[in-house]
J.: 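First the structure, which I've put down as structure tokens, then a few questions once you've had a look.
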Number of protein chains: 2
Amino acid sequence: MSTTTSRTSSDDARRDPAGSVSDACRRVDLGQSLGILLRRWHDAVDLALAGVPHGPRGFQVLGAVVHDEPPTQAALAESLGIDRTVMTYLLDDLVAEGLVERREAAHDRRARRVVATASGRAALRRFEDAVRVAEESVLCGLDDDERELLQRLVRRSAHASPSSPA
Amino acid sequence: MSTTTSRTSSDDARRDPAGSVSDACRRVDLGQSLGILLRRWHDAVDLALAGVPHGPRGFQVLGAVVHDEPPTQAALAESLGIDRTVMTYLLDDLVAEGLVERREAAHDRRARRVVATASGRAALRRFEDAVRVAEESVLCGLDDDERELLQRLVRRSAHASPSSPA
DNA sequence: TATTGTTATACTCTATAACTATA
DNA sequence: TATAGTTATAGAGTATAACAATA
């Protein structure tokens with residue numbers, strides 16, 4: 001972990017010593033920058049989510065259960081783009097932690113309705129606060145307005161699906 | 001892959017049916033949005049990088065070799081935040097593909113200097129063009145100005161290291 | 001026959017440690 | 001002894017297919 005985290009000197013190496021200036025402007029690094037930010041988000045948030053099974057993934061599921069109240073486990077999985085087989089593991093551990101419960105769906109005895117427990121709801125509130133704080137540190141280097149702007153742009157482009165703009 | 005890609009209904013599910021409105025504004029989803037964008041970037045770019053060993057990872061290494069000309073393999077790995085052991089595999093396959101070469105570093109017979117071949121340099125140019133095109137599709141939903149703005153903000157915040165702002 | 005959820009298997013990535021050859 | 005690079009092993013994460021119960 002320590003070797004990977006040492007991204008200190010990367011800023012130096014990125015100065016484009018020999019390359020042409022015009023090329024430097026068109027530098028292809030969107031994916032790289034996104035990757036750096038996401039990794040930093042993980043590093044920051046993993047601490048805030050200590051105790052949540054599967055960390056960010058479990059947190060995401062818990063949040064979807066509470067906020068979106070999907071009718072079935074399958075709907076929950078699909079809404080998050082998580083595979084059903086993965087959802088089984090995630091829920092197993094969230095249930096074991098007492099954060100959510102699996103109940104039978106009223107009208108379909110195959111399906112399960114996933115609901116948060118009282119303690120799960122309370123935990124989610126705490127974790128969301130902690131994550132909000134952690135996220136601030138991810139976007140350091142930007143002032144408040146820029147941070148707000150970046151969040152909006154990222155959110156909007158992420159939710160504008162390329163295949164289904166509807 | 002088809003199950004994971006069906007992120008269509010997520011926009012519907014994200015309308016916050018029961019939650020309070022003020023909470024919806026403070027919704028914690030930076031990491032989620034970044035994850036969606038990065039995954040979309042991968043999907044788009046993987047096609048453009050067909051033929052590059054290890055896809056985006058190998059492309060990143062090739063770009064660093066050409067643009068930054070790091071003195072040693074270790075420096076290359078550290079500048080990209082890639083583990084040395086991983087770098088070995090990546091370079092093995094880039095070498096096998098004839099894109100880069102390992103030469104002995106002049107003054108240290110332990111170290112290797114990684115240089116791009118002529119074909120590697122030419123390939124990089126082609127791949128960078130293809131990636132530039134692919135990246136456009138990732139940020140659909142934003143107009144040109146917003147795209148430019150997002151790229152700048154993402155790049156800047158990614159390169160502003162939280163641990164070493166110097 | 002199709003679908004919900006579970007289980008099992010395999011494949012990729014990554015993390016760690018051990019090894020070599022040089023310094 | 002410490003470092004550059006390699007190799008081997010183990011652990012997450014994910015994708016796929018097969019299965020049981022129900023529709």
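Numbers restart at 1 for each chain; the letters A, B, ... are given by sequence-line order, proteins then strands.
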J.: Please report the distance, rounded to the nearest Å, between CG in A:Leu80 and P in D:dG13.
T.: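 Computing the A:Leu80:CG to D:dG13:P distance gives 16 Å.
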J.: Measure CG/B:Asp83 against P/C:dA18 and give the value in whole Å, please.
T.: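 Going from CG in B:Asp83 over to P in C:dA18 covers 15 Å.
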J.: Keeping A:Ser157 on the side-chain end and B:Gly141 on the backbone end, is there a donor-acceptor pair under 3.5 Å?
T.: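 No, because the side chain of A:Ser157 does not come within donor-acceptor range (under 3.5 Å) of the backbone of B:Gly141.
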J.: Working to the nearest 0.5 Å, report the span between CG of B:Leu139 and CD of B:Glu146.
T.: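 Output value for this atom pair is 10.5 Å.
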J.: Rounded to the nearest Å, what distance is computed from the CD1 atom of residue A:Ile82 to the C1' atom of nucleotide D:dA12?
T.: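 After rounding, the gap between these two atoms is 15 Å.
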J.: Look for any protein N or O under 3.5 Å of an N or O in nucleotides 5-10 of chain C and output each such pair with its distance, or none.
T.:
{"unit_1": "C:dG5", "atom_1": "OP1", "unit_2": "A:Gln73", "atom_2": "N", "d": "3.3"}
{"unit_1": "C:dG5", "atom_1": "OP1", "unit_2": "A:Arg112", "atom_2": "N", "d": "2.6"}
{"unit_1": "C:dG5", "atom_1": "OP1", "unit_2": "A:Arg112", "atom_2": "O", "d": "3.2"}
{"unit_1": "C:dG5", "atom_1": "OP2", "unit_2": "A:Ala74", "atom_2": "N", "d": "2.6"}
{"unit_1": "C:dT6", "atom_1": "OP1", "unit_2": "A:Arg102", "atom_2": "NH1", "d": "2.9"}
{"unit_1": "C:dT6", "atom_1": "OP2", "unit_2": "A:Gln73", "atom_2": "NE2", "d": "2.7"}
{"unit_1": "C:dT6", "atom_1": "OP2", "unit_2": "A:Thr88", "atom_2": "OG1", "d": "3.0"}
{"unit_1": "C:dT6", "atom_1": "OP2", "unit_2": "A:Arg102", "atom_2": "NH1", "d": "3.1"}

J.: Tell me the interatomic distance from A:His107, atom NE2, to D:dT22, atom C1', rounded to whole angstroms.
T.: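 Taking NE2 of A:His107 and C1' of D:dT22, I get 13 Å after rounding.
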J.: In degrees, rounded to 10°, what is the bend between the two ends of the helix from C:dG5-D:dC19 to C:dA23-D:dT1, using five pairs at each?
T.: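 Roughly 10°, once rounded to the nearest ten degrees.
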J.: Will you find, in the side chains of A:Glu128 and A:His67, an N or O donor that is under 3.5 Å from an N or O acceptor?
T.: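 Yes, side-chain donor-acceptor contact under 3.5 Å.
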J.: B:Arg109 CZ to C:dT20 P: how many Å, rounded?
T.: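 Answer to the nearest Å: 18 Å.
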J.: So does B:Val114 get a backbone contact from the side chain of B:Arg103, meaning a donor-acceptor N/O pair under 3.5 Å?
T.: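 A pair under 3.5 Å: no.
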J.: Taking atom P of C:dA15 as reference, at what distance in whole Å does atom CG of A:Asp46 sit?
T.: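 Checked: the CG to P distance equals 12 Å.
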J.: Rounded at 0.5 Å granularity, tell me how far CZ in A:Arg152 sits from CG in B:Leu150.
T.: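 Nearest 0.5 Å value for the CZ-CG distance: 12.0 Å.
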J.: Between atom CG in B:Asp108 and atom P in D:dA4, what is the gap in whole Å?
T.: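 To the nearest whole Å, that distance equals 8 Å.
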J.: How long is the gap from CG on A:Asp144 to CG on A:Leu149, to the nearest 0.5 Å?
T.: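 So the CG of A:Asp144 and the CG of A:Leu149 are separated by 12.5 Å.
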J.: Specify the separation, in whole Å, of atom NE2 of B:His42 and atom C1' of C:dC13.
T.: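 Taking NE2 of B:His42 and C1' of C:dC13, I get 11 Å after rounding.
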J.: Atom NE2 in A:His54, atom CG in A:Leu91: separation rounded to 0.5 Å?
T.: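 Those atoms lie 9.5 Å apart.
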J.: Can you list the residues that meet the salt bridge (Lys or Arg N to Asp or Glu O under 4.0 Å) rule with A:Glu136, with sequence neighbours excluded?
T.: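 A:Glu136 satisfies salt bridge (Lys or Arg N to Asp or Glu O under 4.0 Å) with A:Arg147 once adjacent residues are dropped.
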J.: I need the A:Asp92 CG to A:Arg102 CZ distance, nearest 0.5 Å.
T.: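 The distance works out to 4.5 Å.
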